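Below is one structure, written out as structure tokens; comments come after it.
Everything numeric here is computed off the predicted structure, so don't read it as measured data. A note on names: the letters A, B, ... follow the listed sequences, proteins ahead of strands, and every chain is numbered from 1.
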Amino acid sequence: MFAYDLDGDRVCLAMPCETDTLGDAERGLVHTGALTALIDSSCGMAVLHKLPAHEPIATLDLRVDYLRATPSDRNILCWAWCHRVTPNVAFTRAEVFLEGSDEPVAVSSGSFMRLKPVKKKRAAQ
Amino acid sequence: MNNIQPDPGLARPLPHGLLQRIPHVRHLGMQLIAPEKADASTPVFYLPFQDRLVGNTYLPALHGGAVASFMENAALLHLLINQQGDFRLPKAIDFNIDYVRSAGPRDTFALCEVAKLGRRVALVNIRCWQRHYDRPSALARIHYLWEELETPSELAEDITT
């Protein structure tokens, strides 16, 4: 996969369709597991993009809805964004499209742990 | 069914027909350990460690996507493994994964449990672990749209005649 585009807080990674990403060779459909991997990477990227400085993060959970079967004739784009950051956790959303299409093939929400929690500053007494 | 720690040496490759149908499974390099060899009641899926599966070189840890894909495939194969002859691949509806602890750069196992096998939908729970079954790396659940094979073809005949 490779970096494809950036729009404000939104990052986009692309995955070219290869034989290795197929989940149904007869019908030429992309494997949903490959989509999950793309989503996980894209959401992680969106969190890193949102945070003020680079820090280690780890996926806490990820939910993916596979809205429709994904043909393998075009690049697959995953737009991901981080809509909320707390001292410990970052929350993400993602949508997956075929290149040149406006209909998402999958949507996802997830959360990431910030491995080095930021301590809240206490107000001066 | 605690402390299932199969010997990777007992693993065998997946059936050729399945690998042909699902190239992504071949790409991951998954293998299968028969239930009786793993002292389990269902097949244990085995993902040998490979450098290319590392997603975080800082920890280091396996890529979350590789773990997710492995678990998703384990569920799919768990449903398919007993299918004879021609079969239709179930379609994934949704997938939920919780990463409980990081998966280190070592061999990984997965075990599935079919929580519900309805006429149209199957729900499969998947547990993924490395060194201790009781210390899972990730827990996941997946819904499949599941079309029964024999019945629909008869049904189709009934409808068309």
Task: Contacts of residues 92-101 of chain B with chain A (heavy atom under 4.5 Å) - done: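 Listed by number: A92(B), I93(B), D94(B), F95(B), N96(B), I97(B), D98(B), Y99(B).
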Which of the residues [options] is involved in the greatest number of heavy-atom pairs with chain B at under 4.5 angstrom?
options	result
V30(A), T21(A), L62(A), D65(A)	L62(A)
T36(A), L60(A), L38(A)	L60(A)
A106(A), S41(A), A58(A)	S41(A)

Does [X] share a hydrophobic cluster with [Y], counting links as ILVMFWY side-chain heavy atoms below 4.5 Å and allowing steps through other members?
X	Y	answer
F49(B)	V25(B)	yes
I22(B)	L22(A)	no
L35(A)	L29(A)	no
L47(B)	L32(B)	yes
F112(A)	V11(A)	no

With a sphere of 6.0 Å drawn around [atom1] of [X], does it hold more than 12 non-hydrogen atoms of other residues, nucleotides or ligands?
X	atom1	value
R135(B)	CZ	no
R93(A)	CZ	no
R84(A)	CZ	no
K37(B)	NZ	no

What's the separation between atom [atom1] in [X] and atom [atom2] in [Y], rounded to the nearest 0.5 Å?
X	Y	atom1	atom2	answer
Y66(A)	I142(B)	OH	CD1	5.5 Å
I57(A)	N56(B)	CD1	CG	9.0 Å
Q20(B)	E26(A)	CD	CD	10.5 Å

Task: Partner set under side chain to side chain contact (heavy atoms under 4.5 Å, CB included) for A122(B), not counting sequence neighbours - done: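 A122(B) satisfies side chain to side chain contact (heavy atoms under 4.5 Å, CB included) with L79(B), L117(B), Y144(B), W146(B) once adjacent residues are dropped.
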Open item on the list: If I measure from the heavy atoms of chain B, does A34(A) come under 4.5 Å with its side chain, its backbone, both, or neither?
Closed with: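 Contact with chain B involves both backbone and side-chain atoms of A34(A).
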Open item on the list: Going by side chain to side chain contact (heavy atoms under 4.5 Å, CB included), T19(A) matches just one of H24(B), R26(B), H27(B). Which one?
Closed with: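 Looking at H24(B), R26(B), H27(B), the match for T19(A) under the side chain to side chain contact (heavy atoms under 4.5 Å, CB included) is R26(B).
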